[in-house]
Structures are given as structure tokens and as C-alpha cells.
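As C-alpha cells, the structure follows; a few thoughts come after it.
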Amino acid sequence: MKFGGTSVADGARVRHVAELAKKHRDSGNEIVLVTSALSGVTDMLLKNAREASENGKTSSIKEFIADLTKQHHKAAHDAIDSNSNVEKVIRELDSRIEELEKALIGICYLGELTSRSIDYISSYGERLAAPILCGSLNSFGVKSHSFTGGEAGIITTDEYCNAKPLEKTYYLVKERIEPLLKEGIPVIAGFIGENEAGIITTLGRGGSDFSASIIGAAIKADEIWLWKEVNGILTTDPKIVPEARTIPVISYIEAMELSYFGAKVLHPRAIEPAIKHGIPVRVKNTFDPDFPGTIVVKDLKQSRDIVKAVTVIKNVALINISGAGMVGTIGVAARVFSTLANVGVNIIMISQGSSEANISLVVDATHLDAAVKAIKEEFRNGIIKEIAQDRNISVVAVVGAGMANTPGVAGRVFGAMGKAGVNVIMISQGSSQHNISFAVSIESAKKAVQVLHKEFGLEREK
Ligand code: ADP
Ligand code: ASP
Ligand code: MG
């Protein structure tokens, strides 16, 4: 079971999590808990690290450290029963916070923030939350130890800020964690791992979903449960369409497409480890634990609904590469893609017209400058005449396995956009036909999502 940031927002919520886990254990289940940072902590850590590297003010670090200490001390006192050993947990928190303070001061003096230091600093959110949850369980008489990701056996690549588990993770986690299940509930800090040199890495924002899935796959759990603040995976983001409904059952493929295309409810890689061992993933609401939520499963009987969900990705940018010299020249696309791969740019969408005179790509907005620079360098010789870029876009996607072989879905999608006066900038459909995605201006993304949600009747009870 993984509990996200809102689920462990403060001491009272952590106590609720410990009680919920104990209840499930008492009714005969073996459980591993994966925790996120207390709500908002990761953002604050990143903000302070950035500011330390930019303005070098140690005074603001002192202030931040004081606030962080207060927040975690309070959480520990609220989460842990008073007749239990709160002091031991407080000492553990203090010693971690002291290390964090030193690291932040170091960043102040150095005036630089590498991706390796970003991971180190942001790891503290989960590394402070785990001992509190563990202390809370202990105070309810449940045996528990807390682990960092690396201690639990999550050994990753060196890709800081976006690391992936190495294959040996699966047997290490099994070896270290499985034997503890008989006697209690181990607590593991989500989001973080370490590389082979023992340096802390993170699995990317929202990565505690991924941690839970890795651990679940390693111990061959019966189910992986991700506890959040929403009623499971919904037909779209409820912040955009309040009428969005819970999708009771969804396939692995659909859930992956949804998360790749911006549904913030799942980390984009969270389903991969579960697929490996065919483990069902449940997405549940901590504020309404009896609500069934969503179950993500391997095979799904063909369902009647063609479109399951609508998603939107913000913070993306469009690159348009054009030039008459590209027509009939073999290998241009290959060169573009390998150039971008070499500089670590992830391509979200691709389209090329049959005239071959241009290729359009959508990339993460943070990668735009690096991407454009790399393409310009690669094509110094002139095949490419122009590289245009546009940061003012969002990508909207409709997702559903039922779209495969159903004619007319694209017609309905773009017909609805036309009627709503939304200008479509670029279109792409993968040959799996599980998703149709297109780029629109940032300003019209919300309207596009609302119109599509209505067009496919997603707000109606099935
Ligand atoms: P946690 O970090 O607690 O695990 P998240 O905050 O990552 O949970 O995920 C829940 C958030 O995802 C919600 O606040 C919701 O607004 C957003 N969201 C976006 N798309 C969807 C969707 N299709 N279904 C459910 N929630 C979604
Ligand atoms: N705390 C991390 C984040 O905010 C990881 C997570 O919550 O899943 O991104
Ligand atoms: Mg999340």
C-alpha cells in the first residue's frame, strides 16, 4: 500500500494511515507500506534548494529548517501515541534535518545545484515521513522498521531526477523485505532509490507510485494499492471537469496511456512493474476507504465505452522542423530522433506529413532549448531550413482500448473541436489505436477537455 502526500498531510493523517494499515493486517493481510513526503514538503525542499543556489542566503535556510523541524515534530507528536517512545523518533528526525541543513548551506556556498544534489535534497521529504509512520505503527503495537528506498533494495540507474530500477532491485527487495511481513509492517520511503555507488536517486515527481509498484512486483504481492485523495482513476481531472466519474475497471495499457498523457493520478511508469507479474493495481481514496475506487487489470473484456478518459499534458513545447531538402532524403527522421536521444530529450508526440517537408515534435518544455540546439548542430549542412518552436501549447488525449477498430472516433473528436472553435495545431494517433492525441494552445486546453468529456458522455453513469 502506498499513501500519497495528501494521505499523509500531517500527523493526524499519518495516524489514520497507521490505523487503516493495522485494520487490514488484523483482518489477515500481510502489508508493506510505502509513504510519500508530508504534503507540500517536496515542493518546499526543491524551492529552497533552488533559492540557496541562486541567492546564497543562509538566513533563509535557517528559517526553512526551523519550519520543517516544527512541522515534523508536530506530526510525530500527533501521529504517535503519547505513551510510546516519541523521543526516539524525534531524535531520528533531528539528525536527518541536521544533515539536510548542512547540504543546503553547502549549496549556498557553491552557488550551483546539480541534478544529483536535487535528488539528495528532495529525498528528505520521504526520509522524514517514513520514521513518523513507523513510530505511529509501533505505538499501536505493530512491529515496524522504516527503510529508505536504497535500504529496501531499490538500486537504480544514474539518471538523477528520473532514475529507473536495475533488475537486481527485484531480488534485493524480496530478500530484505519479504521476511519482515510475518512479524509486522515494514515502512519504505517512496520516491527514492540509490545507484550502485550508494548515491541517492529519485524516480521522478510522483515517484512513490512507482516505488510501490516495484516493491509489489518484487514480493509478488497479490495486489498493489495506491491511496490518494481522489476516488480512483477518473474519466478526467476533476479539477477541470467536476462531473468526472470513477472508472471502476481499466486495463494496464489504458492506465499507462492515461499516465503518459498527463493524468497526474499515476506516475507514468507505475504500471510497468505490476505488468511484469500480472499484479492488479487498485487506486483508492484515503478519505473514503470503503469506496472501491479503480482496479487496473491485465485483460479487460471489450467494453462498450469507446473512450474511457480524457487527459491533458501541460508544460510541453512544439518543435517544427522544415525544409524542402528533407523531401525524399532518407534518414532525416532517424537523425532527428537519435540526436534528441543523445541529449536525453524525451519525445512525447511525433507527426510527419506525407509531403515529408516537415516533422513536428512535442517535447517536455524543460527540454526545448537543449532539443533545438542539438537539432541545429546536427543539421548545420542545410537540409533543414527552419526550426520553429512554440511553448504556448498543451497536448490533449482521448484514451480507450475500445477505440481500436471503431471507425469514426477521430471524426467525433475533431468535429467536436471544430464546433467548439478550438484550433488543432498537430495530431497524432499511435497504431495501437488506444489513444488519439493532439496539440492545442494552452488557453484552449481546458475547453477541449470539457467538450470531449461531454462528447463521449463520460459524465454519465455506466
Ligand atoms: P498522490 O500524490 O496522493 O498519490 P496525486 O496528487 O498524484 O496523488 O493524484 C491525484 C491528483 O491527480 C488529483 O488531485 C487530481 O486532480 C489529479 N488527476 C488528474 N487526472 C486525473 C484522473 N484522470 N483521475 C483522477 N485524478 C486525476
Ligand atoms: N514526494 C514526491 C513528489 O512530491 C513523490 C510522491 O509524492 O510520489 O513528487
Ligand atoms: Mg502523486
Side-chain angles (χ1 to χ4, degrees), residues 1-9 13 17 34-47 118-119 121-130 148-149 154 161-163 188-193 200-215 224-248 250 254-270 281-287 291 293-294 296 307-314 394 396-400 445-446 449 452-453 458-459:
M1 291 185 175
K2 167 245 143 142
F3 287 85
T6 330
S7 309
V8 293
R13 299 303 309 164
V17 167
V34 174
T35 185
S36 287
L38 306 196
S39 102
V41 171
T42 312
D43 286 339
M44 286 307 288
L45 288 164
L46 289 168
K47 177 170 172 276
I118 290 176
D119 277 5
I121 300 290
S122 60
S123 74
Y124 276 92
E126 275 69 11
R127 286 162 75 198
L128 294 172
T148 65
I154 299 181
C161 301
N162 204 7
I188 298 166
F191 179 52
I192 59 177
I200 290 196
T201 55
T202 70
L203 307 173
R205 292 307 304 269
S208 57
D209 290 341
F210 194 16
S211 308
S213 184
I214 293 166
I215 292 160
I224 296 162
W225 288 20
L226 308 175
W227 292 88
K228 300 183 177 259
E229 57 173 333
V230 281
N231 270 335
I233 300 178
L234 309 184
T235 49
T236 195
D237 188 342
K239 289 183 189 120
I240 301 179
V241 180
E243 300 79 31
R245 299 184 64 89
T246 301
I247 304 171
I250 193 169
E254 289 169 317
M256 283 202 311
E257 297 267 350
L258 255 151
S259 57
Y260 291 153
F261 282 90
K264 222 205 99 208
V265 63
L266 282 186
H267 182 281
R269 306 197 100 91
V281 176
R282 248 179 234 279
V283 182
K284 290 187 56 93
N285 189 343
T286 6
F287 297 97
F291 186 80
T294 298
V296 189
V307 169
K308 280 251 167 63
V310 184
T311 64
V312 57
I313 323 184
K314 296 168 194 149
S394 294
V396 174
V398 293
V399 175
K446 188 169 168 188
V449 171
L452 289 170
H453 199 264
L458 299 181
E459 76 287 359

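What you see is a predicted model, and the numbers here were worked out from it, not measured in a lab. Because only heavy atoms are used, hydrogens play no part in the values below, and waters and symmetry mates are left out as well, while side chains stay in. Atoms within a ligand are numbered from 1 in the order they appear, just like the ligands themselves.
- Looking only at protein heavy atoms, the nearest one to atom 8 (O) of ligand 1 is K228 NZ, 3.5 Å.
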For this session: Might you work through the side chain to side chain donor-acceptor pair (under 3.5 Å) test for T202 and D119, ending with a clear yes or no?
Result: CA-CA 6 Å; T202 70; D119 277 5; 2.9 Å; yes

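- At the top of the distance list for atom 11 (C) of ligand 1, counting protein heavy atoms only, stands E229 OE2, 4.1 Å.
- Proximity of T236 to ligand 1, defined as any heavy-atom pair under 4.0 Å, is confined to the backbone N, CA, C and O atoms.
- Rounding to the nearest 0.5 angstrom, the gap separating the NZ atom in K2 from the CD1 atom in I215 is 11.5 Å.
- At least one donor-acceptor pair closer than 3.5 Å links the side chain of S259 to the backbone N or O of A255.
- Residues forming a ring-ring contact (aromatic ring centres under 6.0 Å, His included) with H267 (at least two apart in sequence, or on another chain): F210.
- The closest approach between a heavy atom of G262 and any atom of ligand 1 is not below 4.0 Å.
- Looking only at heavy atoms of the protein, atom 23 (N) of ligand 1 is closest to L234 O, 2.9 Å.
- Considering NZ of K284 and CE of M1, their distance stands at 8.0 Å, rounded to 0.5 Å.
- With rounding to the nearest 0.5 angstrom, the NZ atom of K228 is 8.0 Å from the OG atom of S7.
- The protein atom (non-hydrogen) at minimum distance from atom 6 (O) of ligand 1 is K264 NZ, 3.5 Å.
- When atom types are taken as modelled, the side chain of T236 and the backbone of V310 share a donor-acceptor pair closer than 3.5 angstrom.
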For this session: Walk me through it: do V241 and E459 pass the test side-chain contact (heavy atoms from CB on, under 4.5 Å)?
Result: CA-CA 9 Å; V241 180; E459 76 287 359; 5.8 Å; no

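- Residue contacts with ligand 1: K2 is included, with a non-hydrogen atom under 4.0 Å away.
- For F291, the side-chain contact (heavy atoms from CB on, under 4.5 Å) test picks out N231, T246, D288, with sequence neighbours left out.
- Which of G190, S208, A212, G232 comes nearest to atom 25 (C) of ligand 1 through a heavy atom is settled by distance: it is G232.
- If you check which protein heavy atom lies closest to atom 26 (N) of ligand 1, you get V265 CB, 3.5 Å.
- The protein residues lying under 4.0 angstrom from ligand 2, judged by non-hydrogen atoms, are S36, T42, E126, F191, R205, G206, G207, S208.
- The main-chain N or O of L258 is never found under 3.5 Å from a side-chain atom of T311 such that the two would form a donor-acceptor pair.
- If you check which protein heavy atom lies closest to atom 3 (O) of ligand 1, you get G4 CA, 3.3 Å.
- For ligand 1, one of its N or O atoms has an N or O atom of K239 under 3.5 Å away.
- Residue pairs meeting the salt bridge (charged side-chain N to carboxylate O under 4.0 Å, His left out) criterion with at least one member in residues 231-241: none, sequence neighbours excluded.
- No donor-acceptor pair under 3.5 Å is formed between the side chain of E126 and the backbone N or O of S36.
- With ligand atoms numbered from 1 in the order given, ligand 1 contributes 3 (O) to contacts under 4.0 Å with heavy atoms of G5.
- Distances from atom 17 (C) of ligand 1 to the heavy atoms of T294, V283, D237, D209 put D237 nearest.
- Judged by distance alone, the side chain of S39 and the main-chain N or O of A9 form no donor-acceptor pair under 3.5 Å.
- At a 4.0 Å cut-off, not a single heavy atom of G206 sits close enough to ligand 1 to count as contact.
- Only the side chain of V230 comes within 4.0 Å of ligand 1, judged by heavy-atom distances.
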